[in-house]
J.: 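Quick one: the structure is below, questions incoming.
Atoms within a ligand are numbered from 1 in the order they appear, just like the ligands themselves. Quantities reported herein were computed from a predicted structural model and do not represent experimental measurements. Hydrogens, waters and symmetry mates play no part in the numbers below; they use all other heavy atoms, side chains included.
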Amino acid sequence: MSYLAQVRTQNPLVHNITNLVVAPFTANGLLALGASPFMAYALEEVADVAKMAGAVVLNIGTLDDQVVQAIRLAGQSANAHHVPVVLDPVGAGATAYRTDTVQMLVRELRLTVLRGNVAEIANVIGENWSIKGVDAGQGKGDRTGIAERAAQKFGCVVVITGREDVITDGQTTFLTQNGHALLTQVTGAGCLLSSIIGAFAAIAPSGEELLSSVVESLAFYGVAAEIAAERTANLGPGSFQIELLNQLALVTPDVLAQRAQVRQLGGG
Ligand code: ATP
Ligand code: TZP
Ligand code: MG
Ligand code: MG
């Protein structure tokens, strides 16, 4: 069975500590996919929620000291209970506070997946790439090399998204080419993707299965976006955003298999 089908059958609980901009969109996207979203931030409960979740997704998009403390407690609890942890280092490199915070988090927590744009991932590993707020700036660096170095440094799967997505565990690297430029006009398209990666990681939390499930989640999200763009041609980002939610529910494993554009680097 595909990982997509397993997500829909198992309906994993995904604990999200995310930002103020994207919380409802993220919850709706996870529900459309067939996962069970739970947004919980209180210091009194995050450890309990993380413990019972299939995956914990940590996102620093609108951080403050209380959010950072909640993220640490949830991450520590997830680590203690072998629950996969996804970190989205939104805006790392844009301010010293963001950069220092994510560098503290990657020191303290064992990550399962780190997902961001190229500038964010570069700044997490102390390499330079310009960033404008939460969006990656221009650069000519080696995106694959940055992803592989980050994966080797943290012993996790790293995903760098953009027109082409890089997915690597530091040894084996895949590129996925699905997606649509309209995703860049919907705020939270990356944040929702990180939570969807969490739902797939809940099904296959480690090893080769984890890498395969994360690759499938990227292709799935990109295919959903492609079909949403086709269905809303000439209408613009608002209609696209709604149709993306529809397609997260409607794309079947067969459609995904037909449309997925996945390539292994140095392999088949
Ligand atoms: P940024 O803030 O730099 O936009 P992000 O966190 O929003 O970063 P993205 O890199 O935009 O994340 O990735 C979100 C989704 O959009 C991914 O599925 C990615 O493949 C897709 N995507 C991003 N840019 C493009 C593009 N130009 N063409 C097609 N798909 C894209
Ligand atoms: N500002 C702080 S968090 C956020 C904005 C606009 C959302 C970023 O979402 P994404 O998925 O990285 O586009
Ligand atoms: Mg984007
Ligand atoms: Mg982002």
J.: Scan residues 217-235 for pairs that pass salt bridge (charged side-chain N to carboxylate O under 4.0 Å, His left out), counting only residues two or more places apart or in two chains.
T.: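 Qualifying pairs, neighbours excluded: Glu226-Arg259, Glu230-Arg259.
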J.: Answer yes or no: is there a side-chain heavy-atom contact under 4.5 Å between Thr161 and Arg115?
T.: yes
J.: Near ligand 1, which protein residues have a heavy atom under 4.0 Å away?
T.: Arg115, Asn117, Val134, Asp135, Ala136, Thr161, Gly162, Arg163, Asp165, Gly179, His180, Ala181, Leu183, Thr184, Gly190, Leu193, Tyr221
J.: Decide, yes or no, whether a salt bridge links Glu127 with Arg149 under the criterion of side-chain N to carboxylate O below 4.0 Å.
T.: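 So Glu127 pairs with Arg149 through a salt bridge.
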J.: Report yes or no: do Glu148 and Thr173 form a side-chain donor-acceptor pair below 3.5 Å?
T.: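 Glu148 vs Thr173: donor-acceptor pair found between side chains.
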J.: Side chains of Thr176 and Asp165: do they bring a donor and an acceptor to under 3.5 Å?
T.: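 Side chains of Thr176 and Asp165: pair found under 3.5 Å.
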J.: Checking Asn11 against Ser36: is there a side-chain donor and acceptor pair closer than 3.5 Å?
T.: no
